[in-house]
Amino acid sequence: MFREVSSKINFVQLEEDILRFWKEQGIFDESIKIRKEGPHYAFYEGPPTANGSPGVHHVLSRLYKDAVCRYKTMKGYHVPRKAGWDTHGLPVELEVENSLALTSKAQIEEYGVARFNDRCRQSAFKYIKEWEAMTERLGCWLDMEHPYITLDNSYIESCWWITKQLWEKGLIYQGYKVTPHCARCGTSLSSHEVALGYRDDAEDPSVYIKFRVEPSPISETAKQKRLYELSGGKATYLLAWTTTPWTLPGNTALAVAPDADYAVVKVDDGYLILADALLEQAGLSGYKVVKEVKGSDLAGVHYEPLYNNIDIRYVKGDEKAYRVIEGDFVSLEEGTGIVHIAPAYGEIDFEVGERENLPLVHTVELNGTVTTNLVTGFTPKAREYIQRSEAPVTLRPARGKLDLPGAGKFVKDADKDIIDNLKSRGLLFRSERITHTYPFCWRCQSPLLYYAKQTWYIRTTGVKKELISGNAEINWYPDYIKHGRFGDWLEHNVDWAFSRERYWGTPLNIWCCEACGTSEFPTYECVGSLDELRAQSNLSGLTAALDLHRPYVDEITFACPKCGGRMQRVPEVIDCWFDSGAMPVAQWHYPFENEDKFTQNFPADFICEAVDQTRGWFYSLHSISTLLFNRPCFKNVICLGHVVDAQGEKMSKSKGNVIDPRAVINNYGADALRWYMLVSTPGEDNHRFSTKMLEETIRKFFLTLWNTYSFFSLYANIDCFIPQPLTVDSDQPKAFTELDRWIISELNRLVSEVSKLMDGYNPTSAARRIEGFVDNLSNWYVRRNRRRFWKSENDADKLAAYTTLYRCLVTLCQLLAPFVPFIAEELYQNLCRAVDPRARESVHLTDFPVADQAEINDRLNSNVELAMKISSLGRAARAKAGIKVRQPLGKAVVNVGAEGEKKALESLATEVMEEINVKQLVILGEAKEGEESRCHPDMPDYSVANDAKYWVAVSIELPPELIAEGVSRELVRHLQNMRRNAKFDITDHIITYYQTKEPCIKQVINAFADYIKQETLSQELINGLPPDGTYGEKHRIANGEVSLAIKQANAKQTS
RNA sequence: GGGCCAUUAGCUCAGUUGGUUAGAGCACGGUCCUGAUAAGACCGGGGUCUGUGGUUCGAAUCCACAAUGGCCCA
């Protein structure tokens, strides 16, 4: 016997029971254990940053991962799923800073790095609990008891090993480059962090600065002379434009577009030079142009520095600074066509500086204030030269007093002082304010400064070719990411700035000796493991209670192998993206242990995250793997879209449109959430989340499925059906009807399609096919076959129907298991475990169904489709004539147009006749020669409906015998409703009483007595007053009134 | 400023390599069916398939440009 299934169902309660069952029985572990001998399927969990409560957008990737891994498990693969947590990084630090009301690095250090990092550690774990609870409740199976955690010493040690490998390959270097720098946080931001903080409405100065051309031809070039002669001794200025006045003291060159035309314009106090095309924008269109020159004519011209007391150190072969250079980046759409170059404060500026051997001048401190000292810069050539020089050279920049305007102020505040100062010196042509796009720190809202400083780099450009060729081996879903977003990113690869001047992160494992060599180029040691560290001579600071984090690691020093001085760790920590990208190695503490596990799980068969990870985790995984092993570390990757709200807007705390997944699960259940998110939108698109649509999903899919299941178990119990291995082709083939064969054919087709789609990493399409099948099963197969389940004989036909429906439901619950694991389990427990003690304990331990191709009958599938179509047209024809479906009609004429279709329909004629309630079906095939065209049927006494291909005409003649039959069905329907209203059991036999003055109704009851009794389980139809205690209703049928009453035939026994 | 993706009914989405009259669900109005159904069926209103050009006998589909939105990058 099957457990009784209520048609009303509380999915939330059901899921909690099943969760308990899984836990108690250890089903997840078992599902992995039983596949131990199967082929291995490696899955990498992208570690969530545990710096906040999980949102509904985190649910999406979790359940995609779960669906795929469950599917593969059922397909026989061994799929361990190790959880992981990303615990380091700025986001965690920020959270702690906020809670402690700290606002600067100085305050953190005052608070104490040890205490601060301790807080960070706690903060990371606090959120992990919430994530675990959500993951479990969602039914996502993940080994959260043995996760990898990026803050573990063992994890850090593996990261150190990786760094050492790269160090030895010469792929790590310290570069002096321009990076987006947050002066408040005191660190560089990675490119993806910068992307978080662009603002379109940033207000900044827009200033036009006059750079005076050298009045005397100190450089004896012809160009210089010509300009000098032209001015007739009067001052000539190169007009440049900038929105960052604070960078002007760092200026060492001006750039022009070589092919552009430049005008020399006469103004009151001399001449201005700027691009022709920008005269009007600069407000100079009314002035006289005295000469036109090409940009290339200006190249090499020298001008006076804005601040003439800057001490620049040149070496042999260096060209002087403060000259005009050519640049292909010079815009002729804004500014003046003359670009101010400050190599310390712009990426392009820096590149130009390297190319042109320009000095790099710093006038701003790392905390963002204008310096009170002067810092001398060096060109790349100067650095090389000094490095090679045998004579010791003091490389520390000479610091001398320099009174810059706004000294000591934050640069954005100093802008005004600089502008005022230039104005007072007559070097300001124009000054206003504009709004434009500018990056701000996503954490603290400070404006970012592009700032040249020393940062540790991984030379990813050194393996660019390998990155690209490795990408070719990866299957991307959707595929366009491969050559689009990701491929593009690889094509434009730049070296990875992977150090952070922060506190809470994997410490960079490089030690530095300040004693030997010069202070600018000291001896470095990269330590690749704890053993290596312990083996250093004269080691100190390594304590028993090992914590590799700052500040403890900073205390570890050892003797310099070259000079015996102290080696001190560099202050930086490693970018947390490096942590997560290291997980293929570090999750196993490879190579220090678990070599077998590492090998078995490398590369991953499958990873899945949202699209923003193309530049995040997908990239850090791919680059580290390529650097280390010269091959990609994942084969298949699903790239998901983002979850947005019902209006398509991004969910954010500030908008208040964030949805808490726990609330959704508690209201609707995890399965509903899972199915809705998988089915509603293809993975790569943005997912609009609306609880209204989720409710619809429950009604449309879950309740339909549930009721089919409850229908089956209800009748199967009544008939004591015991599932037997009876198939369409076996023991009693004749008992199976066309519709049985059809639904089994559809079932096999479904199995085949779902497998294929899942193999192609497309759960959405797979789930949509299942939805289609459930609709067919419920609204065609079950509806058409109800009578076979109701009838009283327990014959082969009935058994065939049960067997068919049972098989559909069992197969369905297995197909559903990867998507909606709870309801699938419920079905399985009742349909399989309840009747077969040898069955596996859980649906998730069973094998995924395999389609039997022999049972797929495409012709049958299209035949039934045709029958559905014709039935639909038949109903339309009836509706046109206004005749209820309950009223039988004499004849329907159907035109299908082709002989094949005629035969097809003939084989299903009974179904169509019952469906549209006609006594006879005339099917017209292909029009024979000489026959009239059947395109426009115009048949008297018929009602016709048609579509492009077919038409159906139903006879609207109503002879008395048909009316009588209609009345009988009317009576049956009322009695059935009364049974239900009276809350009788479905199997109760009844006695029916009726009273009517209408002779025709009496006649009908007499003529159709057997039919009415059979349909309503009436033992007797008694014409007369009902006794007390019966349930009665009055109805109008065919313009006559009839009083009906019913009572249970064996009422005493049932109560 | 650049790249990728999207734009189909009021809403959410289908629409195979170009090929009859562009579909489904929800919502709305009407009718019907029903002892599995918070279900279902039929009819109806609702579409310049974002726009403009182009290729073609034929374009929602291919191409170009533009607009809007999302994501990524500057």
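Worth saying up front: this structure is predicted, and the values here are computed from it rather than measured. Just so it is clear: chains get the letters A, B, ... in the order the sequence lines come, proteins before strands, and each one is counted from 1.
Aromatic ring centroids of A:Phe618 and A:Trp476 lie under 6.0 Å apart.
Note: A:Arg615 CZ to A:Asp488 CG = 7.0 Å, rounded to the nearest 0.5 Å.
Shown here is A:Glu865, whose CD atom has no more than 12 heavy atoms of other residues, nucleotides or ligands within 6.0 Å.
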Determine, step by step, whether A:Trp780 and A:Ser871 satisfy the side-chain contact (heavy atoms from CB on, under 4.5 Å) criterion, reporting the C-alpha distance in whole Å, the side-chain angles of both residues, the deciding distance to 0.1 Å, and the verdict.
CA-CA 11 Å; A:Trp780 189 259; A:Ser871 302; 3.8 Å; yes

At a cut-off of 3.5 Å, list every protein nitrogen or oxygen paired with a nitrogen or oxygen from nucleotides 42-44 of chain B, distance to 0.1 Å.
from, atom 1, to, atom 2, distance (Å)
B:C42, OP1, A:Ser872, OG, 2.9

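Checking B:C73, B:A36, B:A14 against the side-chain heavy atoms of A:Trp489 singles out B:C73 as nearest. Among the nucleotides B:A14, B:C71, B:G40, the one closest to the side chain of A:Lys700 is B:G40. Nearest to the side chain of A:Arg699, among B:A27, B:A36, B:C72, sits B:A27. Side-chain atoms of A:Tyr480 lie closest to B:C5 of the nucleotides B:C5, B:A39, B:A36. Among the nucleotides B:C5, B:G3, B:G40, the one closest to the side chain of A:Asn779 is B:G40. Proximity note for A:Asp488 (side chain, C-beta onward) versus B:C71, B:G3, B:A36: the nearest is B:G3. Of the candidate nucleotides B:A36, B:C71, B:A14, B:A36 has the atom lying nearest to any side-chain atom of A:Arg786.
Side-chain atoms of A:His622 come within 3.5 Å of backbone atoms of A:Leu467 as a donor-acceptor pair (strictly under, hydrogens ignored). In this structure a side-chain-to-backbone donor-acceptor pair under 3.5 Å is present from A:Asp671 to A:Ile823.
Rounded to whole Å, the separation between the P atoms of B:G51 and B:A22 comes to 16 Å. Between B:U48 and B:G3, the two C1' atoms lie 31 Å apart (nearest whole Å). Here, B:U20 and B:U12 have their P atoms 28 Å apart, quoted to the whole Å. When the P atom is compared between B:U7 and B:U61, the two are found 11 Å apart, to the nearest whole Å. To the nearest whole angstrom, the two C1' atoms, one in B:G44 and one in B:A9, are 14 Å apart.
Mapping A:Arg485 and A:Tyr450 onto RNA chain B by nearest heavy atom places A:Arg485 closer to the 5' end of the strand.
Remark: the A:Tyr802 side chain and the A:Asp719 side chain contain an N/O donor-acceptor pair separated by less than 3.5 Å. When only modelled atom types and interatomic distance are considered, A:Glu746 and A:Tyr781 share no side-chain donor-acceptor pair under 3.5 Å. Remark: the A:Tyr761 side chain and the A:Asn475 side chain contain no N/O donor-acceptor pair separated by less than 3.5 Å.
A:Tyr715 comes within 4.0 angstrom of the backbone, heavy atoms only, and of no base. At the heavy-atom level, A:Arg783 lies under 4.0 Å from base atoms of the strands shown. A:Glu696 comes within 4.0 angstrom of the backbone, heavy atoms only, and of no base.
Under a 4.0 Å N-O distance rule, the pair A:Glu771/A:Lys700 does not qualify as a salt bridge.
Atom CD in A:Glu970 sits about 7 Å away from atom P in B:C33, given to the nearest Å. Across the protein-nucleic acid pair, A:Lys869 atom NZ and B:A41 atom C1' stand 13 Å apart, rounded to whole Å. Distance CG (A:Asn776) to C1' (B:G40): 13 Å, rounded to an integer number of Å. Computed from coordinates, the A:Arg769 CZ to B:A14 C1' distance equals 11 Å when rounded to whole Å.
Under 3.5 Å, the side chain of A:Ser778 and the base of B:A39 form no donor-acceptor pair of N or O atoms.
None of A:Thr460, A:Thr461, A:Asp575 except one satisfies the side-chain hydrogen bond (donor to acceptor under 3.5 Å, both in side chains) rule with A:Trp496; the exception is A:Asp575.
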Which dot-bracket string fits RNA chain B when only Watson-Crick or G-U wobble pairs with both atom distances under 3.5 Å count, crossing pairs get [ ], and | stands for a partner on a different strand?
(((((((..((((.....[...)))).(((((.......))))).....(((((..]....)))))))))))).

